[in-house]
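The block underneath contains the structure these notes are about, expressed in structure tokens.
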Amino acid sequence: MDDSKVVGGKVKKPGKRGRKPAKIDLKAKLERSRQSARECRARKKLRYQYLEELVSSRERAICALREELEMYKQWCMAMDQGKIPSEIKALLTGEEQSKSQQNSSRHTKAGKTDANSNSW
């Protein structure tokens, strides 16, 4: 009991309290810290590159949409003047041709299924 102290009715033993310092070399600890900082900077650089690519792709998409919107505005102005733009005519004739092709293919498919169902 010579080494211990009595404080507030509790016996305290001499010595250090809390965590003991690690037995690691300071140079190794410093190098680990430097390596971690290098990796962090590399991750940050990659993240910024990704975000820049994302922004540039979105900007390109916005430009394309603006061009398309301008084209539609011009078409509307032409139609307001009573003119039908050639692009719209091409779209309409293309739709009519595709519809006629779809209808003809549906009739041939329907005929084949009817023939197969009557074979019972």
Side-chain angles (χ1 to χ4, degrees):
M1 280 246 170
D2 296 330
D3 293 345
S4 58
K5 297 178 182 179
V6 178
V7 177
K10 294 184 179 178
V11 177
K12 292 208 168 198
K13 295 182 180 178
K16 297 181 180 178
R17 294 179 58 205
R19 293 181 64 182
K20 294 184 180 179
K23 304 265 182 183
I24 193 162
D25 189 17
L26 289 178
K27 288 184 179 180
K29 185 176 181 180
L30 186 62
E31 183 56 35
R32 260 199 343 241
S33 176
R34 288 178 179 156
Q35 180 64 28
S36 176
R38 279 192 289 270
E39 291 170 1
C40 180
R41 286 190 295 271
R43 285 191 305 269
K44 184 177 179 181
K45 185 177 179 181
L46 285 173
R47 185 170 49 249
Y48 273 87
Q49 285 176 349
Y50 165 74
L51 290 173
E52 286 175 357
E53 290 172 4
L54 194 64
V55 167
S56 66
S57 69
R58 299 279 168 92
E59 286 175 345
R60 285 193 301 270
I62 288 170
C63 288
L65 288 171
R66 282 189 177 140
E67 289 174 3
E68 188 177 356
L69 179 63
E70 188 60 34
M71 179 184 65
Y72 291 143
K73 283 181 181 179
Q74 290 174 359
W75 286 6
C76 289
M77 288 171 42
M79 285 192 286
D80 287 344
Q81 295 173 356
K83 301 174 186 173
I84 299 177
S86 59
E87 294 91 352
I88 294 179
K89 286 181 183 178
L91 285 173
L92 292 175
T93 56
E95 287 178 2
E96 289 174 3
Q97 289 176 355
S98 66
K99 284 182 181 177
S100 64
Q101 288 175 354
Q102 287 176 353
N103 287 339
S104 65
S105 66
R106 285 182 187 161
H107 290 301
T108 57
K109 286 181 183 177
K112 288 180 183 177
T113 57
D114 289 342
N116 290 342
S117 63
N118 291 336
S119 64
W120 283 84

Residues that, via side-chain heavy atoms closer than 4.5 angstrom, fall in one hydrophobic cluster with V55: none
Where at least one partner belongs to residues 77-97, residue pairs that pass ring pair (Phe, Tyr, Trp, His ring centres under 6.0 Å), sequence neighbours excluded: none
M77: partners by side chain to side chain contact (heavy atoms under 4.5 Å, CB included), with sequence neighbours left out: none
Other ILVMFWY residues reachable from I62 by side-chain steps of under 4.5 Å: none
For Y72, all residues meeting ring-ring contact (aromatic ring centres under 6.0 Å, His included), sequence neighbours excluded: W75
Remaining members of the apolar cluster that contains L51, side-chain heavy atoms under 4.5 Å: Y50, L54
Residue pairs fulfilling ring pair (Phe, Tyr, Trp, His ring centres under 6.0 Å) with at least one residue in residues 77-102, sequence neighbours excluded: none
Residue pairs passing the salt bridge (Lys or Arg N to Asp or Glu O under 4.0 Å) test where at least one lies in residues 36-58, sequence neighbours excluded: E31-R38
Residues that K89 engages under side chain to side chain contact (heavy atoms under 4.5 Å, CB included), provided they are two or more places apart: I84
Residues E68, L65; criterion side-chain contact (heavy atoms from CB on, under 4.5 Å); working and verdict: CA-CA 5 Å; E68 188 177 356; L65 288 171; 3.9 Å; yes
Heavy-atom side-chain proximity of R32 to S36 below 4.5 angstrom: no
